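Below is one structure; the comments refer to it alone.
The chain is numbered in sequence order, starting from 1. Only a predicted model underlies this, so the values are computations on that prediction, with no experimental measurement involved. Below, each value reflects all heavy atoms present in this structure, side chains not excepted, and no hydrogens, waters or symmetry copies.
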Amino acid sequence: MEEFFGIDFGTTNSAVIGRLHRNTTRFGGNDDQPFPSLVAVNRTTGAVEAVGRDAWNNRQHLAESCRIFSSR
């Protein structure tokens, strides 16, 4: 069987899956759900502070110092 790695950059959620040596792995959080399509960028430094579920779970706190980009 072929080996592959795929990324679905969705507007609401993003998912990652790979197959290597007959093992299929779905990458996500501990709950095996897709990642929210969010990125938190520090307003002052321009550094990426958080992405995906981490950005989603901490978005209220991050909003003080970061600009949060989403599909909306």
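Here the shortest heavy-atom pairing between Ser70 and Leu38 reads CB-CD2, 3.1 Å. Pairing each heavy atom of Asn42 with each of Thr44, the nearest pair is OD1-N, 2.7 Å. For the residue pair Leu62 and Ala40, the shortest heavy atom distance occurs at CD1-CB, 3.9 Å. Residues Ala63 and Ile68 share a closest heavy-atom pair of N-CD1, 4.1 Å.
The side chain to side chain contact (heavy atoms under 4.5 Å, CB included) test applied to Asn57 returns Arg53, not counting sequence neighbours.
By the 6.0 Å contact criterion, CZ on Arg43 is enclosed, its count of non-hydrogen atoms from other residues, nucleotides or ligands being greater than 12.
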